[in-house]
Amino acid sequence: MPLIPMDAKPILTIKDMSIVFSSPDEADIEAVRQVDLTLSPGKTLALVGESGCGKSVTARSVLRLLDRNARIQRGSMLFAPGDEPPTDIAKLKADSLPLRAIRGREISMIFQEPMTSLSPVHTIGDQIDEMLILHERLKPKQARERTVALFDQVGIPGARERADSYPFQLSGGLRQRAMIAMALACAPKVLIADEPTTALDVTTQAQILDLLRQLQADFGMAMLFITHDLGVVAEIADEVAVMYLGDVVEQGSVFDVFAAPSHPYTQALMSSIPKMARKADRVRLSPIKGTVPAPRDRPEGCAFTSRCPHAFEPCATVRPERTALGNGHHARCHLLTRQPAEVVA
Ligand code: SF4
């Protein structure tokens with residue numbers, strides 16, 4: 001297990017990053033607005049929010065896996081794996097050699113549905129062997145030995161025989177384990193996990209979360225974990241950033257955010273988690289009304305205005321500033337700095 005100093009410096013610092021989508025028929029749409037995120041070795045940052053909040057676009061931007069009509073409009077992504085000056089990933093071309101050296105090797109990704117990421121016409125063993133031959137320059141026999149060891153490490157039973165299976169011959173849980181083995185093949189410094197347990201049943205989900213925690217301790221990697229599930233955040237993360245319609249609306253340590261959620265969206269997400277309680281103490285779950293609007297319909301002010309039960313006069317027109325709440329915890333909401341004079345929702 002690698003020893004990580006308490007004051008280990010961040011390995012990836014995303015600063016003031018905005019991502020826009022362009023279309024020939026309308027103006028550019030800002031899907032992610034001025035996001036600041038920091039990843040440190042051995043720590044997990046969870047990005048949480050409903051579908052359409054910009055979590056996956058943010059995560060994919062780190063590997064520059066954006067759609068052709070998307071681009072990073074401003075900001076930086078400083079990757080600093082060693083003592084050399086950091087590389088600004090935002091400035092690299094998506095198909096450049098320096099980025100290809102980072103992608104899959106230094107920073108890798110686990111996707112939600114392995115069937116769409118693993119090749120259906122190659123065995124899972126061959127797919128990982130190929131990565132090791134390409135990135136680590138191993139001979140085919142050495143690569144297979146490493147693949148089998150990785151399968152053992154991620155808990156695939158009968159690892160040597162399973163290496164000759166095609167993805168469709170495996171259960172969902174085993175496919176996700178194979179995907180994790182592939183992501184870890186080159187011992188990355190940063191692992192991005194994009195809803196890796198969403199498609200799994202709860203038992204397998206718990207096993208995969210345990211596995212990721214264990215592997216993080218073994219490899220000492222930083223993890224960016226994307227999820228819509230605050231229960232999963234509580235299980236796996238050290239820090240959480242809550243996203244809504246492209247904005248990080250609240251961020252802090254999991255302990256602080258869960259103890260004192262300060263943005264109405266975070267509070268609404270928390271109230272929609274089912275809780276165990278005695279019959280007499282049971283309360284109805286309160287879902288968040290409405291749906292996330294399209295980015296082109298984002299109000300000028302606070303992105304959450306159309307669904308917020310506390311919206312008042314400045315919300316629709318004035319974007320709230322980030323308010324520091326102590327200990328690195330912060331949120332963007334007018335309620336933190338002003339008193340509502342007029343309720344509009
Ligand atoms: Fe609600 Fe206004 Fe706060 Fe936005 S700024 S979360 S609309 S109270």
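The figures here come from the full heavy-atom set of this structure, side chains too, leaving out hydrogens, waters and symmetry mates. Numbering of ligands and ligand atoms starts at 1, following listing order.
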Residue Glu321 excluded, over 12 heavy atoms near CD under 6.0 Å: no

Residue and atom names of protein N/O/S atoms that fall under 2.8 Å from atom 4 (Fe) of ligand 1: Cys302 SG

Heavy atoms of other groups near Glu300 CD, more than 12 under 6.0 Å: no

Candidate pair Asp210 and Gln214, rule side chain to side chain donor-acceptor pair (under 3.5 Å), full reasoning: CA-CA 6 Å; Asp210 277 347; Gln214 181 55 49; over 6 Å; no

Joint cluster assignment, Leu138 & Val148, ILVMFWY side-chain distance < 4.5 Å: no

Atom CZ of Arg213 with >12 non-hydrogen neighbours under 6.0 angstrom: yes

In a table with atom names and distances, give each donor-acceptor pair under 3.5 Å that connects a side chain of residues 167-185 to protein atoms at least two apart or in another chain.
unit_1	atom_1	unit_2	atom_2	d
Gln169	OE1	Tyr166	N	2.8
Ser171	OG	Leu174	N	3.3
Arg175	NH1	Pro167	O	3.3
Arg175	NH1	Leu170	O	2.8
Gln176	NE2	Phe111	O	3.3
Gln176	NE2	Gln112	O	3.4
Gln176	NE2	Pro196	O	2.6
Arg177	NH1	Val154	O	2.8
Arg177	NH2	Gln207	OE1	3.3

